[in-house]
Each structure stands twice: as structure tokens, then as C-alpha cells.
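Proteins get letters first, then strands, A, B, ... in listed order; numbering begins at 1 in each. The structure displayed is predicted, hence computed values, not measured ones.
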Amino acid sequence: MTVRTRFAPSPTGYLHIGGVRTALFNWLFARRHGGQFILRIDDTDQGRNQPEALQPILDGFRWLGIDWDEGAEVGGPCGPYYQSERLDRYQAAVKTLLDKGLAYHDYATAEELKAEREAAEKEKRPFLYSRRWRAETPADRARFESEGRKSVVRLAMPREGACRFHDHIRSAMTVEWTNEADHVIQRADGSCLYNLANVVDDHDMRITHVIRAEEHLSNTPRQIFIAQGLGYELPEYAHLPFVAEPGSKNKLSKRKLAQYLKNPDFRAACEHGQAIAAAIGLTMTAETFNPVIVDFYREVGYLPDAIVNYLLLLGWSLDDKTEIFSRQEMIAQFSLERVNKAAASFDVKKLRAFQERYMIALPVEPKTEMVLPFLQKAGLIPAPTPADMVTRVTDIVRAAGERIKVAGDILDYAAFFVADEQLVYDQKAFNQHVRKPEANALLRKARERLAAVTFEAKALETLVQEFAQSEGVKLNDINQPLRVAVTGKSIGFSTYETLALLGRERCLTRIDRALEQGGVIGK
RNA sequence: GCCCCCAUCGUCUAGUGGCCUAGGACAUAGCCCUCUCACGGCUAAGACAGGGGUUCGAGUCCCCUUGGGGGUACCA
């Protein structure tokens, strides 16, 4: 039997990092067993969903390299793959359940139900609906309806016995339930609810392994009841632990952003991304642009492989040492048995550590490709970019080396692309390394020497070293004034490479401007 | 309230009764490297929630307590 798994996102407009982890595990399991991964769209809740909200989600999956064999946009033999188009299937299933006496029309009002629930709570016993407004016969229905009541369809859950099922992640045990409530499967208006739709869809799409978040663990008994009532063969179940929020065990939720922002690491990551977004003209609020949402990483210039690798290890491990996995390796090694049972909290810093490792391993050419759009969007280079300018960017990327952690970090080197008169100086750095009398004097002298030398890193290094020696100062004493004068900042890669990349003319112009204190002083 | 799940360093985890004076990674601190920043190297600090069993022996099995989480919707 071919393994078939699925992920069913709701079109909410953005792809959540916890959802991606669930999708990834489904995808990995299908790929591991040579099966199919299906992307079904969970748009039953009409009021909340908008069609245009689906695109960012599909784009997110494609960017991450999580591809689907059937489903949204690609179609397939088990469609339709949009739940909104499957109403007739659900209604047919409800009718079957009704005919078999496994479900019933119920005429209770919300108030009546509430009263029963509260009474049960008061007596500290489990709430079970009395079924007082259950319609047993057509005559009952007519009577209730004459009272002006509306009916929903409820599951007639057994009041005795227990539901047992096996869960791949809790492999040592079978989970067991008794006294399940009579959940509604169809509303008065004929629309159907999640539990019913889900079971029908999974069956129609021949899903063999239901791998989903743990919040669905308690839905499983009633879903099994529905499936059995409909004569379906049961799938295998695997309930994944939650991805918890930073620094806690609570389920990660995009609605609790303000709270995550209190976490210093999360906040720092968010601000770093916001700064890049602002520089490339993205107007984003923290609500829709933050490290819980996949789009954030794409816009800021993360590598999909780094994110996927991090997510793989969030709740799964191979052994006590292997951390880096190529797609091929993770597909070859993945197993549900090695999924952890406890919730794992999302740690932006660790994700970033993976990003750094992947970025370090990335050769200069693809890194340059990644970085180009950021310079273009920031208006620092034209788009399309002429070949000689691309070469220049490549040189800078090479010189910056491991300092570029995400593609957007190229904007730290904006000084290489702005006109001399537009160079902005960091105030603190300027005061310390240019304005201070001894630094200023040294910079003046160095400027004279620079006028004569070949602008090539090696030659510049020799020159500066000799100069420092003859002046009896440390290398730092001269390198920092030079760096600040030509880039505006006290941090950056090798001064010699910086000077060489900028060229004699621009360096001398910038140094002169700095000495005249004619630059634009920033904060 | 009721039902269910879970529990090893701050975080992600290894550990399937003796290889554990509990290993790795991220983060943290110190030192080294060094023109700044980053990278890298070395070192340090840091955990079996508590209590009972079972066993010659328990992080590992059982029970209880505590703690955390989820569900309890005409949401998904």
C-alpha cells in the first residue's frame, strides 16, 4: 500500500512556523516511504477565509521546497481538494450516519445546552448531553419544528465502552477514551463541521497516515466513530507535540505576538528583520512580519534549507550528534518513532545558528545572487544589474565572507554603493576615530601616504604596517580612523580590502571629507 | 469542573536497567587568535521535578504527588 499523507492549511494569509513543521513531517514521511503528500485546503469556515489569502501559503511551501503531489493548484485524482467544494460529499456522509442511527437530529437551544453543561460542572461530573431534544421519529421532528426550533445533527456517541487506538508517537501505549460527548457534525444551515469533513476527506483522498498536531488527539475517538460508521478503513495516527512559544511550553500562536516580543532574543530577531525590511521599502507591521511567520525569513534573506533543517530537529533527532541534514539525508532517516513526545519551544537563536552554518557553506556566486535583490530594492544598484556591477558585488560579498548571515545583511555594506557625499557617519565612531586630535593627526598623515600607493589589499597592508611602525602606534590606531573615514562605521571587514574595493579616488575624497568634518553625521 | 497528553542543563536533545562521576548542539562566561567586527580554537558553568515502590542495580519499569500543556465550540 502506498503511503499517503496530507497537510490541510486554512487560507489565513500567512504560513505559521508550527504549521510548517507539521507539514514537513508529513512530507518527510511520504517521501521516506515513496508515497504521496497531499495539500488540501481547509476553507470550510467561509466567513473567515479569503481566496487571495491562499497564495502566500502556497508560495511559502514552494520556497521551502516542500512540494505536493496532489492538491491545491496541481489537482489530482481524488479531488476536489478544497473543502468548500466538497459539501455534497459531507452531506451524503451525514445522511448515511443518520440512516444507520449513528447520528441524530437535535433540537436543543444553545441556552438549554449551556444549562446542562453548567449543572454537570457544578456536580463535578463529566458533561454528557441528556438527549432530551433528540428527534427519534419524523413526528418528533415535526413537533420540535412547530415550536420554532432548529435542528443540528449530532453524533450518537456510545455511552458505554471505550475507544482505543494506537498512536505512532506514543508507541508504547494505546490511547483510550470513554464517555465522548455528542458532537455536532452538521449545522442547521446544512454546512458541516471539521470532524466530519476531515474524516470524509481523508478517506476520499486515501490518506494512510494522519500526522497532525497533538491538539487533535482528543478529536480522534469521534473521528474513529465516524469513520467506522461510514465503513471506512482507519488510517494510522501520529499526533505531533506542539511547537511551543519562545521560552515557554504554550502552543505557539500568531495571535500572541506582543507577548513574544518581551522575549529579548525574539525581539532582537524581529528588529533585525524589521530594519532590513525598512531598508528595502517593505512596509510591514510586527503583526504580519515577525519570526513566527515563514515570509519573514524569505524577505530577510534566510536559506530555506536552514529553516527546514532547524524545524526537522524541533521534536525529532537521529542520534546524539548529527545535526546537519541534506534533504536526501533527512528523507532517508526520518521516522515517526524518533519524534519526541514533549512539546519543543521555538528558539529563534538556534534557527539563526543553522542559518549561519548554511550561509558559511554557501559559495560566493549563489550568495551574490541572493544578495542582489536586496541592493536593488534598497535603490543602491540598478535592476537589472549590469555585469560589471555584479562583479563588484561579488567582490564585496567575498570580502565580507562570514559576516553576511542573512542575505539582507549586505545592506551593512551600503557604504560601498552610495555616492561619497552621501556617506553617513556613525556619530560615536566618528567622534572617537576621526575627531579625536591624535586620531585626526594620524589620519592626516596616512592620507599623504595613501596618495602614492597602489590600491591593492596586499600593498595597502604593507603600507599601513610600515606606517604604524614608523609612527610608533598600534595597527588599530590607524586602521579604525581609515575605516570610519571611508565607510562611516567602526565595524566591517579588513581595512585593506575595504580601501582596495573602494579605490584610491573615492578613498581620498572620503578621507578629505571626513577630515573637513563635512560628512553627514548620523546618530 | 471533567477528559486526555507530557516531564533530562536557560533552549533543542542523546539516553530503551549496569557502557552515565548523564553525552552533544544553541545560548552564556572566560581565555586564545586578531586592525574593528565576524569566523575559528580552548575552557568553564549548567539538568534526570518530588516521593514511594520493583530490582543486586533505575534518568531508564510501576504508582502517587507536583508542575506544564491540550481538549471540553453550531473553530480548525
Practice problem: Not counting sequence neighbours, which residues clear side-chain hydrogen bond (donor to acceptor under 3.5 Å, both in side chains) with A/Tyr107? List them please. | Solution: A/Arg141, A/Glu145

Self-check item: Pairs touching residues 462-487 of chain A that satisfy ring pair (Phe, Tyr, Trp, His ring centres under 6.0 Å), sequence neighbours left out
Solution: none

Exercise. Specify the separation, in whole Å, of atom CD of A/Gln83 and atom P of B/A76.
Key: 8 Å

Quiz item: Tell me: NE2 of A/His239 to P of B/C3, nearest whole Å?
Solution: 20 Å

Quiz prompt | Residues forming a side-chain hydrogen bond (donor to acceptor under 3.5 Å, both in side chains) with A/Asn26, sequence neighbours excluded | solution = none

Practice problem: Only counting residues at least two apart or in another chain, list the ones meeting salt bridge (charged side-chain N to carboxylate O under 4.0 Å, His left out) with A/Arg338. | Solution: none

Quiz item: Which ones in residues 478-498 of chain A lie close to RNA chain B, meaning a heavy atom under 4.0 Å from one of its atoms?
Solution: A/Asn479, A/Gln480, A/Arg483, A/Ser490, A/Ile491, A/Gly492, A/Phe493, A/Ser494, A/Thr495, A/Tyr496

Self-check item: Base of B/C2 paired with side chain of A/Arg125 (donor-acceptor, under 3.5 Å)
Solution: no

Quiz prompt | Between B/C37 (P) and A/Ile404 (CD1): distance, integer Å | solution = 18 Å

Name the pairs: protein N/O against N/O of nucleotides 40-47 of chain B, kept only if under 3.5 Å.
none

Exercise. Keeping the roles fixed (side chain from A/Glu180, backbone from A/Pro158), state whether a donor-acceptor pair exists under 3.5 Å.
Key: no

Quiz item: Looking at A/Phe493, does the NZ or CZ of A/Arg403 lie under 6.0 angstrom from its six-membered ring centre and within 45 degrees of the ring axis?
Solution: no

Exercise. Can you sort out the partners of A/Glu271 under side chain to side chain contact (heavy atoms under 4.5 Å, CB included), two or more places apart, ordered by chain and number?
Key: A/Arg267

Exercise. May I have all residue pairs that pass salt bridge (Lys or Arg N to Asp or Glu O under 4.0 Å) and include part of residues 193-205 of chain A, sequence neighbours excluded?
Key: A/Arg6-A/Asp202, A/Arg40-A/Asp201, A/Arg40-A/Asp202, A/Arg86-A/Asp201, A/Arg86-A/Asp204, A/Arg89-A/Asp204

Under 3.5 Å, which protein N or O atoms sit close to an N or O of nucleotides 65-69 of chain B? Give each pair with its distance.
| residue | atom | partner | partner atom | Å |
| --- | --- | --- | --- | --- |
| B/G69 | OP1 | A/Asn250 | OD1 | 2.6 |

Quiz prompt | Pair listing, salt bridge (Lys or Arg N to Asp or Glu O under 4.0 Å) test, anchored in residues 456-473 of chain A, at least two apart | solution = A/Lys445-A/Glu471, A/Lys458-A/Glu461

Self-check item: Base versus backbone protein contacts along nucleotides 27-33 of chain B [heavy-atom cut-off under 4.0 Å; B, S, -]
Solution: S------

Quiz item: Using purine N1 to pyrimidine N3 plus N6-O4 or O6-N4 for Watson-Crick, or N1-O2 and O6-N3 for G-U wobble, both under 3.5 Å, which nucleotide pairs with B/U60?
Solution: none

Exercise. Tell me which residues in residues 191-202 of chain A put a heavy atom below 4.0 Å from RNA chain B, sorted by number, or none.
Key: A/Leu193, A/Tyr194

